[in-house]
Amino acid sequence: MTDILADLNPAQREAVTTVHGPVLVLAGPGSGKTRVLTHRVAYLIRECGVEPYRLMAVTFTNKAAREMSSRIERLLGSELRGLTIGTFHATCARILRREAAHANLSPGYVIYDEDDQLRVVRQALKDLNLDEKRYRPVVVRSFIDRAKCELLTPQTLEPRTHPEEVARRVYERYEALLEANDALDFGDLLLRTALLFEQEAEVLEKYRRRYHFLLVDEFQDTNMAQYRLIRLLAGERRNLFVVADEDQAIYRFRGADYRNIQRFREDFPDHKLFLLERNYRSTQTILDAANAVIAASPYRTPKRLHTDKGRGPLLTVFEAYNEEEEASYVVNEIQRLVSQGLATPGECAVMYRTNAQSRALEDAFIRHGMPYKLVGATRFYARREIRDALAYLRLIHNPHDSVSLERVINVPRRGIGERSLATLAQWAGELGVSQYEALQLLKENKGKEGTEGTEGGLSPPMLFGTRAQKQLLAFLDLLEGWRELAGRLTVAELLGRVLEDTEYESWLRDGSEEGEERWANLMELRTVAADYDPLPRETALATFLEEVALVADVDNLPETAEAPTLLTLHSAKGLEFGVVFIVGLEEGILPHSRSFDDPEQMEEERRLCYVGITRAKERLYLLHAFRRSRYGGDDLNVPSRFLKDVPSRLVQGYGTRRHGDRERGRLGEGERQRQEKSPSLSPSTPASLSQVGPQFAVGQRVRHPLFGEGTVIESSLKGDDEEVKVAFPGKGIKTLLASFARLQRLDRSDDS
């Protein structure tokens, strides 16, 4: 039997063996937090005699949950029957399914993803006669998601502005539409479970009696609803074990609130605190750079990451002329590392702040004939053919799901036009029934004569033309047939029957390469569905639909990708790579321009940079460009403030601009060499101006007739003129030509 404590360091061992009461583990990146969580579960089961069903462990991705489960089974040498381990959303979905009666839900409810939510928001806007151009559905959906994260319903939400009041009304109508479709969104899974526990004391007590020990991973990423849930479940036993790192809190835009760590400290003042500072991933050089960047962040518990791996290679900081040269450098450097046996392609990752930055990188990889893996591209479960197939299955599971019905009722095309669909939806709304029930009424009234119908209106046959009625009823017959088969077939068999009956294959496989690829995607979906064959027929479809709805981008990343990975810094959290390139380290990109007027957002940008740095195991490249095309313009860029925090002793570079060391001029050595080799690539510098030098120096105070007073943050010669970048308080950063801008230099007396 495995010695559970054998491979733990002293801090990890102490955390694992602290059995009772609240425990807060602040774990630096690469410090073995998953090891602590899994070993604690194994320790409680084997050494303390806790039954597995008494434990609940929650994390944020299905991948992390699977990894934890397999590690625990290896430690104990047996399958863990009864242990609850999964994401917050999956755990809550199971609770709501079991407690549907208490939660005022149907056990057959479906889970709507972001695309489904947008459809419902648009319908709510339409129902309220609101203009989508004025009230953008994406913004309204975000408002609703935020409200649910804060446990606010349309009735308890207090709008502060008129737009918020409009959004509240849309929220109210949105909820009514969800209820009509027997559906929940992701936010509902948390909100409805929290409200269930608060309002049904017997249900809460039932789960408190079951779960004696709670474990939470990535606690800094929890929102208010998630914190309330675990606070309620902890109850009087208070055996709550949370692992967190304030320095890796980067999901504020999703509703995450790192201040939950402080709430935990206040709610459990007797908690025991453990710091995990020994890093098992990165070299000391990389850790020293990370420590330096994050040290400037306030409101954190100081940690000093250290390792036994040695110092390792110095960091490389490279200044490219533009994004194209930046991308080419990345590809060339990966090829060099691979050719010299210093890395494999799959060990390399390129990280960036925004998805739009991938364009130049993708072009460079394609141009060099190097395969790459793009995280954040069209996800498997977001592909059109996959969404169609899942919509069919959801409709079989819950025929009242009008969103799924509207998606597939004419896919493949079967002669049901938009007018017929609109009529069906309107008629169902007037009757107060689902569109499925309206189709059943249409079938019951088929062939009846007369103009008088339901509640004095037109009879169903009179609402639709003969052809439309025939096609609608043909679709209903298909659906009823599948529903009858659902209890006898596996999910994979049912999917195959749907594809066969709808002739989806012949419609999709049109002889093109794209059609073949899309059909291959559906066959992959059948492979996924086959994993649910061992489950009982009555629960397999519901389980399959629930779990595929909760899959995330990173969950689909192969464990051993044989190509470099391109991904955003947000997607990189939780991953590690031998070689990491972080591109676009410039003011306005990282940190993002949206953070300039928001101190909290700026600190999150700093944490995002820290997360990127700490993904690297052996080699780290930090890149920025002298100029970059964005939003149709071509801007000169200032290196990121985070680069300035990296000590020069940790860096080797191709002539990077040494921060605070301007005797080399405005351009880095790499850029100087490129000007000598290829003058056409960079701004010309007339002899007369180059002899005189720039008029404005970095840090100089200036006054502009329109923008007022500001500070010079960049100055360079451009043709026969000087281009000056000035930060104006309240006005932002402006790029100006000295000959036209009428800038006035201020001395100390002018400034006072």
Side-chain angles (χ1 to χ4, degrees), residues 56-66 69 82-117 120 148 178-179 181-194 196 207 225-226 229 379-382 386-401 403-405 407 482-483 486-487 489-495 498 524-556:
M56 176 190 287
V58 287
T59 185
F60 278 83
T61 68
N62 296 307
K63 179 182 177 183
R66 289 193 298 268
S69 183
L83 174 67
T84 298
I85 183 168
T87 65
F88 271 101
H89 291 92
T91 302
C92 288
R94 289 194 292 269
I95 291 173
L96 288 176
R97 197 80 69 184
R98 286 195 296 262
E99 308 299 335
H102 290 98
N104 195 29
L105 291 169
S106 162
Y109 72 81
V110 295
I111 301 172
Y112 279 0
D113 63 14
E114 291 185 353
D115 186 69
D116 300 319
Q117 292 173 45
V120 180
K148 291 185 177 183
L178 287 185
E179 184 175 354
N181 286 333
D182 197 10
L184 301 180
D185 62 21
F186 287 133
D188 282 324
L189 297 176
L190 306 175
L191 172 65
R192 297 291 286 267
T193 307
L196 172 66
Y207 286 92
Q226 290 160 334
L229 277 168
R379 295 180 293 125
F380 179 80
Y381 290 102
I386 301 300
R387 294 185 62 81
D388 287 346
L390 292 176
Y392 271 116
L393 293 177
R394 292 198 319 194
L395 196 56
I396 294 169
H397 176 60
N398 173 17
H400 303 289
D401 178 5
V403 170
S404 292
L405 184 143
R407 180 180 183 91
W482 296 328
R483 283 176 54 75
L489 301 181
T490 66
V491 179
E493 290 169 344
L494 185 61
L495 174 58
V498 169
E524 180 63 19
L525 182 64
R526 282 195 66 172
T527 301
V528 175
D531 292 339
Y532 295 78
D533 285 357
L535 297 183
R537 297 287 190 270
E538 60 269 21
T539 60
L541 180 58
T543 304
F544 169 76
L545 291 172
E546 181 177 297
E547 293 187 2
V548 299
L550 299 170
V551 173
D553 269 353
V554 177
D555 291 330
N556 291 325

Please give me the minimum heavy-atom distance between [X] and [Y], naming the atom from each residue.
{"X": "His397", "Y": "Gly108", "value": "NE2-O, 3.4 Å"}
{"X": "Arg394", "Y": "Ile111", "value": "NH1-O, 3.3 Å"}
{"X": "Tyr532", "Y": "Ala540", "value": "O-CB, 3.9 Å"}
{"X": "Arg537", "Y": "Leu489", "value": "CD-O, 3.3 Å"}
{"X": "Ala391", "Y": "Ser404", "value": "O-CB, 3.6 Å"}
{"X": "Leu495", "Y": "Ala389", "value": "CD1-CB, 3.9 Å"}

With side chain to side chain contact (heavy atoms under 4.5 Å, CB included) as the criterion, how do Arg97 and Tyr109 come out once you've worked through the C-alpha distance, each side chain's angles and the decisive distance to 0.1 Å? CA-CA 8 Å; Arg97 197 80 69 184; Tyr109 72 81; 3.6 Å; yes
Working to the nearest 0.5 angstrom, can you tell me the gap between [X] [atom1] and [Y] [atom2]?
{"X": "Leu184", "Y": "Leu105", "atom1": "CG", "atom2": "CG", "answer": "5.5 Å"}
{"X": "Ser106", "Y": "Asp182", "atom1": "OG", "atom2": "CG", "answer": "4.0 Å"}
{"X": "Arg483", "Y": "Leu494", "atom1": "CZ", "atom2": "CG", "answer": "11.0 Å"}
{"X": "Leu96", "Y": "Thr193", "atom1": "CG", "atom2": "OG1", "answer": "3.5 Å"}
{"X": "Leu541", "Y": "Glu546", "atom1": "CG", "atom2": "CD", "answer": "11.5 Å"}
{"X": "Leu196", "Y": "Leu191", "atom1": "CG", "atom2": "CG", "answer": "11.0 Å"}

Should [X] and [Y] count as side-chain neighbours, where that means a heavy-atom distance under 4.5 Å?
{"X": "Val120", "Y": "Asp185", "answer": "no"}
{"X": "Leu229", "Y": "Leu190", "answer": "yes"}
{"X": "Asn181", "Y": "His400", "answer": "no"}
{"X": "Gln226", "Y": "Val58", "answer": "no"}

Show the numbers, then the answer: is there a side chain to side chain contact (heavy atoms under 4.5 Å, CB included) between Lys148 and Phe186? CA-CA 9 Å; Lys148 291 185 177 183; Phe186 287 133; over 6 Å; no
Would you please test Asn62 and His89 for side chain to side chain contact (heavy atoms under 4.5 Å, CB included) and show each step? CA-CA 10 Å; Asn62 296 307; His89 291 92; over 6 Å; no
In sequence, state the C-alpha distance, the side-chain angles, and the governing distance for Val110 and Val403, and then conclude on side chain to side chain contact (heavy atoms under 4.5 Å, CB included). CA-CA 11 Å; Val110 295; Val403 170; over 6 Å; no
Among Thr539, Leu390, Asp531, Leu535, find the one that has a side chain to side chain contact (heavy atoms under 4.5 Å, CB included) with Phe544. Leu390
